[in-house]
2 protein chains.
Amino acid sequence: MPCPAAPGQGDDAITVPSSNPLTRKLETFTRLSQDDRLSLDRLAGQNLRRMDARQDLIREGDKPQALNLILSGWACRYKTLEDGRRQIVSFFLPGDLCDLNIFVLRRMDHCVGTLSPATFAQIPRALIEEVVLHHPRITQALWWENLVSSAIQREWTLSLGQRDAAERLGHLFCEIFLRLGSVGLTGRTTCELPLTQTDLAEATGLSTVHVNRTLQTLRSNGLVVLKGKMLEIPDLRALMDASLFNPDYLHLQHEGSHLDANG
Amino acid sequence: MPCPAAPGQGDDAITVPSSNPLTRKLETFTRLSQDDRLSLDRLAGQNLRRMDARQDLIREGDKPQALNLILSGWACRYKTLEDGRRQIVSFFLPGDLCDLNIFVLRRMDHCVGTLSPATFAQIPRALIEEVVLHHPRITQALWWENLVSSAIQREWTLSLGQRDAAERLGHLFCEIFLRLGSVGLTGRTTCELPLTQTDLAEATGLSTVHVNRTLQTLRSNGLVVLKGKMLEIPDLRALMDASLFNPDYLHLQHEGSHLDANG
DNA sequence: CGGTCCCTTGACAGCCGTCAACTACCGTGG
DNA sequence: CCACGGTAGTTGACGGCTGTCAAGGGACCG
């Protein structure tokens with residue numbers, strides 16, 4: 001669908017996907033004006049922070065300071081029990097926000113840590129409020145983002161409660177692949193996966209040994225190829241079927257998506 | 001802490017807890033003006049709907065119509081897999097809201113059904129928006145409600161991923177007891193629990209047989225007493241310890257709670 | 001009094017965890 | 001060049017937590 005030229009971000013970009021993954025993601029849901037895009041770019045440029053892999057960004061008990069937006073790399077939210085058991089409760093991929101409006105709470109009830117080297121924007125409360133006030137479409141899109149995050153958390157609850165090991169891993173791979181796709185970070189059948197088997201175990205509630213064995217099964221069934229830090233899903237449809245994966249919960253269909261080429 | 005008399009809701013009520021469980025709950029977080037309370041009562045009076053136990057209020061695929069507020073009885077959100085496996089992903093207790101701003105989504109990705117006879121208010125979108133516009137404290141309190149719901153969902157993820165059967169059930173009982181307490185629906189050591197063992201199984205990701213056996217263990221350890229539809233927790237501290245329960249995620253401490261009698 | 005729902009119990013199996021050892025890989029440094 | 005240490009991945013043996021199947025009991029109800 002052609003789009004009229006508009007004052008761009010420096011060059012002749014028109015509908016070139018934004019380099020800002022938040023914009024990219026929100027545009028899977030709604031159409032944004034050039035002004036909206038500029039405001040989002042402004043958010044994404046706040047107080048950039050670069051971190052190594054396996055560093056804590058936020059610790060349990062901290063007072064919420066800023067809204068974190070992940071721009072590159074992977075991070076996760078995790079919780080631990082007193083005896084050391086640890087559960088990754090969600091992944092943060094580029095374009096993901098940690099809890100909009102987290103400022104309402106006095107103390108964090110979980111930790112956020114990086115899994116790979118990562119870059120964050122730390123957006124001050126006032127700036128969020130200002131943007132929300134002047135950009136109703138952004139506000140709506142941020143609501144969408146928030147609701148999708150909740151839906152993902154519910155789906156994880158379903159996975160951990162009902163799916164077996166192979167289904168959990170397969171489901172997780174499908175989810176990651178689609179989420180990365182919505183920010184343009186996938187190839188046709190591949191994406192990065194900077195996770196160790198220990199990370200996968202902590203996210204799926206399995207032991208590392210069992211993750212290892214289950215991955216071997218998935219591999220030998222031709223459902224996934226894992227090499228280095230790359231994930232290949234030769235036949236997404238097959239993996240989705242094997243994992244009882246229904247993409248509806250990601251709410252990737254936007255209002256006009258039935259008009260799109262691949263809608 | 002004594003409180004000055006204020007124009008009440010018809011009688012000589014002063015700081016008498018509101019009969020509206022939403023108000024009651026939000027006041028565990030923040031202080032509300034009489035005007036705020038009246039607005040919340042107005043929300044809670046919208047399009048009341050009474051339902052029997054085990055009825056679906058919302059089905060997967062439905063278009064979101066109104067914001068549901070549960071006034072009495074219990075309900076739950078649940079998801080099912082194609083082969084019939086079913087997972088309760090959250091409980092709705094009196095005072096709970098189903099997804100503020102759900103209107104943003106086009107279709108529901110889960111079902112909501114009653115567990116006991118229940119009463120709901122169905123609040124139209126426009127009314128929410130109006131109240132939010134004119135009542136900043138309510139807005140803030142609704143944000144708190146929203147964030148706490150997410151925190152609960154994360155804690156369930158932790159439970160399902162890391163806790164064993166006894167810990168899961170014990171943890172769930174602690175959570176329910178505290179949540180019901182925040183709307184004034186508990187006795188000193190007791191509360192209603194209108195759940196079957198099948199419900200408990202679907203919420204904890206266990207089989208009914210194993211729930212049954214685990215409950216027997218909890219009972220014989222003196223940690224819980226279950227009779228009829230009543231739950232008794234003789235020693236909350238002990239059950240919390242046994243279940244690795246940390247109440248921080250419920251964010252029940254409000255700003256001035258250190259000044260309260262039992263803060 | 002038969003039916004239904006819920007709870008309970010026993011026997012058995014299997015998914016998955018634990019423990020422990022071993023391999024592969026990689027960057028560092030002598 | 002190879003030694004070395006650390007991390008990540010792999011494998012085998014074994015056990016236990018939890019699921020499945022099946023049957024029976026109790027309470028409530030038309």
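First the proteins, then the strands, lettered A, B, ... as listed; each starts at 1. In what follows, every heavy atom counts, from backbone to side chain, and hydrogens, waters and symmetry copies are set aside.
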- Message: Rounded to the nearest 0.5 Å, what separates atom CD1 in B/Ile70 from atom SG in B/Cys98?
- Response: 7.5 Å
[X] [atom1] to [N] [atom2]: how many Å, rounded?
| X | N | atom1 | atom2 | answer |
| --- | --- | --- | --- | --- |
| A/Glu167 | C/dC15 | CD | P | 12 Å |
| A/Asp164 | D/dT18 | CG | P | 16 Å |
| A/Arg168 | C/dG17 | CZ | P | 8 Å |
| A/Lys227 | D/dG9 | NZ | C1' | 16 Å |
| A/Asp199 | D/dG9 | CG | C1' | 13 Å |
| B/Leu206 | D/dG16 | CG | P | 19 Å |
| B/Asp83 | D/dT20 | CG | P | 11 Å |
| A/Leu193 | D/dA8 | CG | C1' | 14 Å |

- Tell me which nucleotide among D/dT18, D/dA8, C/dC6 gets nearest to the side chain of B/His210.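 Looking only at heavy atoms from C-beta outward on B/His210, the closest nucleotide is D/dT18.
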- Message: Heavy atoms only, 4.0 Å cut-off, all strands: where does B/Thr196 land among base, sugar-phosphate and nothing?
- Response: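 Sugar-phosphate, no base atom in range.
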- Message: By the 4.0 Å heavy-atom rule, please label A/Gly228 as base, sugar-phosphate, or nothing.
- Response: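 Counting heavy atoms under 4.0 Å across all strands, no contact is made by A/Gly228.
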- Steps toward side-chain hydrogen bond (donor to acceptor under 3.5 Å, both in side chains) verdict (B/Asn146, B/Ser149): CA-CA 5 Å; B/Asn146 180 284; B/Ser149 296; over 6 Å; no
- Query: What orientation do A/Trp156 and A/Phe91 show, parallel under 30°, tilted 30 to 60°, or perpendicular over 60°?
  - Reply: perpendicular
What I want to check is whether the side chains of [X] and [Y] have a donor and an acceptor closer together than 3.5 Å.
| X | Y | answer |
| --- | --- | --- |
| B/Ser90 | B/Arg77 | yes |
| B/Thr157 | A/Gln153 | yes |
| A/Thr119 | A/Ser72 | yes |

Show the distances under 3.5 angstrom between N or O atoms of the protein and N or O atoms of nucleotides 8-12 of chain C.
{"residue": "C/dT8", "atom": "OP2", "partner": "B/Gln197", "partner atom": "NE2", "Å": "2.6"}
{"residue": "C/dT8", "atom": "OP2", "partner": "B/Asn212", "partner atom": "ND2", "Å": "2.7"}
{"residue": "C/dT8", "atom": "O5'", "partner": "B/Asn212", "partner atom": "ND2", "Å": "3.2"}
{"residue": "C/dT9", "atom": "OP2", "partner": "B/Gln216", "partner atom": "OE1", "Å": "2.8"}
{"residue": "C/dT9", "atom": "OP2", "partner": "B/Gln216", "partner atom": "NE2", "Å": "2.7"}
{"residue": "C/dG10", "atom": "N7", "partner": "B/Arg213", "partner atom": "NH2", "Å": "2.3"}

- Message: Checking the side chain of B/Ser243 only, and the main-chain atoms of B/Met240 only, is there a donor and an acceptor separated by less than 3.5 Å?
- Response: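 Checked: no pair found.
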